[in-house]
Protein chains: 2
Amino acid sequence: MPSETAGGLQRIILDTARQLLTDVGYAQLSMRKIAQKIGYSATSIYLYYSNKDELVHALIDEGVDLLYADLHEANRSHADPSLRLRAMCLAYIQFGLNHPEYYEIMYVLHPEYIKRYPAEKYRKARRNLELLASAVEDGIQMEHFEACEATVGANLIWTQLHGVVTLLNSERVDKRIPAETLIHSACKHILRSFLKTPQHKEV
Amino acid sequence: MPSETAGGLQRIILDTARQLLTDVGYAQLSMRKIAQKIGYSATSIYLYYSNKDELVHALIDEGVDLLYADLHEANRSHADPSLRLRAMCLAYIQFGLNHPEYYEIMYVLHPEYIKRYPAEKYRKARRNLELLASAVEDGIQMEHFEACEATVGANLIWTQLHGVVTLLNSERVDKRIPAETLIHSACKHILRSFLKTPQHKEV
DNA sequence: CGATTAAGTTAACACTGTTAAGGTAATAGA
DNA sequence: TCTATTACCTTAACAGTGTTAACTTAATCG
């Protein structure tokens, strides 16, 4: 009965899982729903993914790649470290707001989930942070930024961006504050906190 | 069979739910487990809480009060806006790290949950942000801080603190960076981004 | 005494992830 | 060509989840 497209069932499962994730969100993503959508039994999925974690990890991997592409593009678009950093911050936030479901499984899901995340994929996920760290490092080298540990600086930026994305996506930010206002203020404050004083530039 | 303590079953349910939440976390908190622990049937809980949401909302309410107490205490401990702000930032992060389960149901749980959160309790939760906003406002008034919309500033601080707490609690921050380093860097950067330049104070 | 109400129960529904066992068709070896 | 193996997929089941409907039992009230 099942309709064959190309590349086998594993591909079809992953495609359907992605579609279901983006359509109805992670909370509604179940093995049985995936199976029903593709006309197979739920247990068939276990022939290609040993459990739900593994399937979700494959989706997380996709999300990591998508985010990296966006960050990389932003990183390439400017030479100046400040502008690069600002562009990457905006790209990160935009990714989070544009792909809330991807963002949720990547960075919001329970600690237990992330603990089972394979070390190899974990390393790949860290490239995104290293992109931020390189901009911080360059800014320090060019003496635009106050000296600091670049990895700490990158994680600091990350926490700020992550907070903005998650609180906006979960609609916990006061609705009287426009998202754009918060986003641009966040970017401004991030740069302000790194730039050497005095800050006369308008970024 | 059920053992009566005092104040009726509703109190016992809430106490047991809280204990279960802090012991095994939200993911393992179920109506049936609560019921089993107190020696009642699961459906008895529905005589006092119309659904799980309502029960969790009661716990969220407790968490909001606990956090407010900590923030209020930090707010009282200093007169200078910078020191007050710093103290509150540290208090917020410490609360998040010390009560990860409370923090999760308060600020991490799915958007759907928060949508069903009653408006009355929502208003109470906002007092915590207003405490931050007042410190920002005072800093601006005393001309220590750069002028800005205080509510925007408070939300900006909140996003930074929230990011630190959630990424630390979910163990997503690079383990080579000590939590203390990240926390103090975050507080320093928050103040740096608000203080008028030049910044000669050591905070 | 009879009726009402309060408090708690059991059984069931519709879900969830996951495992064990079974079936069926194609393929490989003799 | 016959048999055995393997690949692929299924049904049935287990142990959970939140929640509802219907039932019992005891207390209270007129």
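Naming convention: chains lettered A, B, ... in sequence-line order (proteins, then strands); numbering from 1 in each chain. Given the structure is predicted, the values throughout are model-derived calculations rather than measurements.
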Tell me what [X] touches on the nucleic acid: a base, only sugar-phosphate, or nothing, going by heavy atoms under 4.0 Å.
{"X": "Tyr48(A)", "result": "sugar-phosphate"}
{"X": "Ser30(B)", "result": "sugar-phosphate"}
{"X": "Ile45(A)", "result": "nothing"}
{"X": "Ile34(B)", "result": "nothing"}

Measure [atom1]/[X] against [atom2]/[N] and give the value in whole Å, please.
{"X": "Tyr46(B)", "N": "dA6(C)", "atom1": "OH", "atom2": "P", "result": "21 Å"}
{"X": "Tyr49(A)", "N": "dG17(C)", "atom1": "OH", "atom2": "C1'", "result": "17 Å"}
{"X": "Leu47(B)", "N": "dA21(D)", "atom1": "CG", "atom2": "P", "result": "14 Å"}
{"X": "Asp53(B)", "N": "dT19(D)", "atom1": "CG", "atom2": "C1'", "result": "12 Å"}
{"X": "Met31(A)", "N": "dT10(D)", "atom1": "CE", "atom2": "P", "result": "14 Å"}
{"X": "Tyr26(A)", "N": "dT16(C)", "atom1": "OH", "atom2": "C1'", "result": "11 Å"}
{"X": "Gln36(B)", "N": "dT9(C)", "atom1": "CD", "atom2": "C1'", "result": "16 Å"}
{"X": "Leu29(A)", "N": "dC15(C)", "atom1": "CG", "atom2": "P", "result": "16 Å"}

Check whether the side chain of Thr43(A) and the base of dT11(D) form a donor-acceptor pair under 3.5 Å.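 When only heavy-atom distances are counted, Thr43(A) does reach the base of dT11(D) through a donor-acceptor pair under 3.5 Å.
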Taking atom types as modelled, find out whether Arg32(A) and Ser30(A) have a side-chain donor-acceptor pair closer than 3.5 angstrom.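 No - no donor-acceptor pair under 3.5 Å links their side chains.
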Ser82(B) versus His144(B), side-chain donor and acceptor atoms under 3.5 Å: no
Aromatic contact between Tyr103(B) and His99(B), with the criterion being ring centroids under 6.0 Å apart: yes or no? no
Ring centers of His189(A), Phe194(B) separated by less than 6.0 Å: yes
It should be established whether Ser44(B) places a side-chain nitrogen or oxygen under 4.0 Å from OP1 or OP2 of nucleotide dT9(C).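 The answer is yes; a side-chain N or O of Ser44(B) sits under 4.0 Å from OP1 or OP2.
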Can you check whether Ser41(B) has a side-chain N or O nearer than 4.0 Å to OP1 or OP2 of dG8(C)? no
Quick check for you: among dG18(D), dT16(C), dC9(D), whose closest atom lies nearest to any side-chain atom of Arg32(A)?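 The answer is dT16(C).
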Nearest to the side chain of Leu9(A) - dT18(C), dC9(D), dT19(D)?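 Side chain of Leu9(A) sits closest to dC9(D).
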Kindly determine whether Tyr102(A) and Val64(A) satisfy side-chain contact (heavy atoms from CB on, under 4.5 Å), including the steps that lead there. CA-CA 9 Å; Tyr102(A) 266 125; Val64(A) 169; over 6 Å; no
Which residue lies toward the 5' end of DNA chain C, Gln28(A) or Ser50(A), if each is placed at its nearest nucleotide?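 On the 5' side of the pair lies Gln28(A).
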